Amino acid sequence: MIVAIDGPAGSGKGTVTKILADRLGLINLDTGATYRCVALMVIKNNYNIDDVKKIEELLPNIDIEFKRENGEEKVILNGEDVTKEIRSKEVNKIVSQVSAIIPVRLYMAELQRKMAKGKDVIMEGRDIGTYVFPNAEVKIYLDADVEERARRRYKENKEKGIEMSYEEVLENIKKRDENDKNKKIGALKIAEGAIIVDTTSKTIKEVADEIENIIKSHVRKD
Ligand code: DC
């Protein structure tokens, strides 16, 4: 079974997906993390973001694994734990542009399909219900007001010790929305058959309960 959770930055996808994976025993595939790994490789190799040819050559050498250790989700890139590094300011800055490079998108979508093969997964991203798994059994589009999403990210950053003003975060999110919605392949949009869940004034638990009910009603129907 594939549950696709799409939506913009700060809509609550990451948090809710983790909760639902735990509750329902599904494998959690964070597709944004796969693009973040490519962005980290670009930085580590000192490549320019416009050097598509070099970035393309990196792709076959990227091995990504999602692991669960002591109840924590870890992202392993070529054998190295990069869980924290892929959330850094530097990666945040270029990841949207990296994820818009067409060969990167094609390669990563295929990798994500391979990672999900034969498993019951909940996948969060931007284009899961539209492009990676258009036949997913359950499709959810999470959304929230841009100011609310910026407030959430600002709070999250503060907790992680990332120094950024609220205005900076808001600007960053607006830019990412713009980039994410205007990609040639895999743009962020509401998939056909997706159920829209607006999280603006809801608690995480309320959102998780709502989606859990949607998933359960789909499973019962099949
Ligand atoms: O969800 P996130 O913030 O970790 O995603 C990082 C970037 O990757 C974000 O700018 C959008 C992009 N992305 C994408 O284009 N397609 C996906 N399926 C997931 C993420």
Side-chain angles (χ1 to χ4, degrees), residues 2-18 20-21 27-43 49 55 59 62 64 66 73-75 77 82-116 121-134 136 139-144 146 149-150 152-157 160 162 164 168-191 194 199:
I2 310 276
V3 177
I5 313 269
D6 290 307
S11 56
K13 296 186 307 287
T15 315
V16 164
T17 302
K18 266 188 212 113
L20 290 169
I27 290 171
N28 178 6
L29 273 179
D30 173 3
T31 62
T34 66
Y35 291 103
R36 287 174 179 274
C37 284
V38 182
L40 184 62
M41 293 275 283
V42 170
I43 294 169
I49 189 82
I55 296 174
L59 297 171
I62 293 183
I64 302 168
F66 292 113
E73 309 261 355
K74 301 246 182 245
V75 182
L77 170 61
V82 295
T83 315
K84 278 223 176 85
E85 251 181 302
I86 58 165
R87 309 273 160 205
S88 67
K89 216 172 174 175
E90 292 72 26
V91 169
N92 279 346
K93 222 178 221 162
I94 66 161
V95 64
S96 188
Q97 277 168 283
V98 169
S99 74
I101 299 170
I102 290 176
V104 172
R105 290 217 76 80
L106 296 175
Y107 195 91
M108 286 296 125
E110 205 39 51
L111 183 80
Q112 290 155 17
R113 290 185 193 112
K114 275 192 206 137
M115 288 170 111
V121 299
I122 182 159
M123 290 179 97
E124 57 140 316
R126 305 291 190 289
D127 60 340
I128 310 307
T130 53
Y131 180 67
V132 182
F133 282 111
K139 297 182 191 178
I140 306 287
Y141 187 89
L142 275 193
D143 210 351
V146 70
R149 292 190 281 119
R152 289 176 187 168
R153 267 296 137 87
Y154 174 71
K155 199 168 152 242
E156 223 174 82
N157 285 350
K160 287 187 197 150
I162 302 169
M164 252 171 121
E168 246 182 302
V169 176
L170 180 63
E171 217 29 62
N172 191 293
I173 285 200
K174 281 185 180 165
K175 230 181 248 159
R176 281 226 275 163
D177 281 357
E178 177 81 14
N179 274 340
D180 290 346
K181 286 179 178 161
N182 290 307
K183 287 192 178 110
K184 284 203 180 77
I185 299 181
L188 171 67
K189 57 174 182 256
I190 301 165
T199 72

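Note that the coordinates shown come from a computational prediction; the quantities given were computed from them, not determined experimentally. Numbering of ligands and ligand atoms starts at 1, following listing order.
Here D180 has side-chain heavy atoms under 4.0 Å from ligand 1, and that is the only part of it that gets that close. In Q112, neither the side chain nor the backbone holds a heavy atom less than 4.0 Å from any atom of ligand 1. With a 4.0 Å cut-off on non-hydrogen atoms, S99 touches ligand 1 through its side chain and not its backbone.
Residue pairs meeting the salt bridge (charged side-chain N to carboxylate O under 4.0 Å, His left out) criterion with at least one member in residues 86-102, sequence neighbours excluded, are D30-R87.
Residue R87 has at least one heavy-atom neighbour below 4.0 Å for each of these atoms of ligand 1: 4 (O). The distance from ligand 1 to the heavy atoms of G125 drops below 4.0 Å at these ligand atoms: 17 (C), 18 (N), 19 (C). Atom numbering of ligand 1 starts at 1 in the shown order; those under 4.0 Å from a heavy atom of S96 are 10 (O).
In terms of modelled atom types and a separation under 3.5 Å, the side chain of R113 and the main chain of V132 share a donor-acceptor contact. Side-chain N or O atoms of K139 include one that pairs as donor or acceptor with a backbone N or O of P134 at under 3.5 Å. In this structure a side-chain-to-backbone donor-acceptor pair under 3.5 Å is present from R149 to A9. When atom types are taken as modelled, the side chain of K13 and the backbone of P8 share a donor-acceptor pair closer than 3.5 angstrom.
In terms of protein heavy-atom proximity, atom 10 (O) of ligand 1 is closest to R176 NH1, 3.2 Å. Here the protein heavy atom with the shortest distance to atom 8 (O) of ligand 1 is Y35 CB, 3.8 Å. For atom 7 (C) of ligand 1, the nearest non-hydrogen atom of the protein is V95 CG2, 3.6 Å. The closest protein non-hydrogen atom to atom 4 (O) of ligand 1 is R36 NE, 2.7 Å. For atom 19 (C) of ligand 1, the closest non-hydrogen atom of the protein is T31 OG1, 3.4 Å. Ranking the protein heavy atoms by distance from atom 20 (C) of ligand 1 puts G32 CA, 3.5 Å first.
Between R153 and ligand 1, no N or O atom pair is found at a separation short of 3.5 Å. Geometrically, ligand 1 and R126 share a nitrogen or oxygen pair separated by less than 3.5 Å. Considering backbone and side-chain N/O atoms, E124 never comes within less than 3.5 Å of an N/O atom of ligand 1. Taking distance alone, with nitrogen or oxygen atoms compared against 3.5 Å, D127 approaches ligand 1 more closely than that limit. At least one N or O atom of K183, backbone or side chain, sits closer than 3.5 Å to an N or O atom of ligand 1.
Summarising the geometry of S96 relative to N179, their closest heavy-atom pair is OG-CB, 3.0 Å, with the distance given to 0.1 Å.
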> Does the pair D127 and T130 meet the rule for a side-chain contact (heavy atoms from CB on, under 4.5 Å), with working shown?
Replying inline: CA-CA 5 Å; D127 60 340; T130 53; 3.6 Å; yes

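Judged by distance alone, the side chains of R152 and T15 never bring a donor and an acceptor atom under 3.5 Å apart.
Within a 6.0 Å sphere centred on NZ of K74, heavy atoms belonging to other residues, nucleotides or ligands number more than 12. Dense packing is recorded around NZ of K160, with more than 12 heavy atoms of other residues, nucleotides or ligands lying under 6.0 Å away.
The shortest heavy-atom distance from R105 to ligand 1 is under 4.0 Å.
Residue M108 holds its CE atom at 9.0 Å from CE of M115, rounded to the nearest 0.5 Å.
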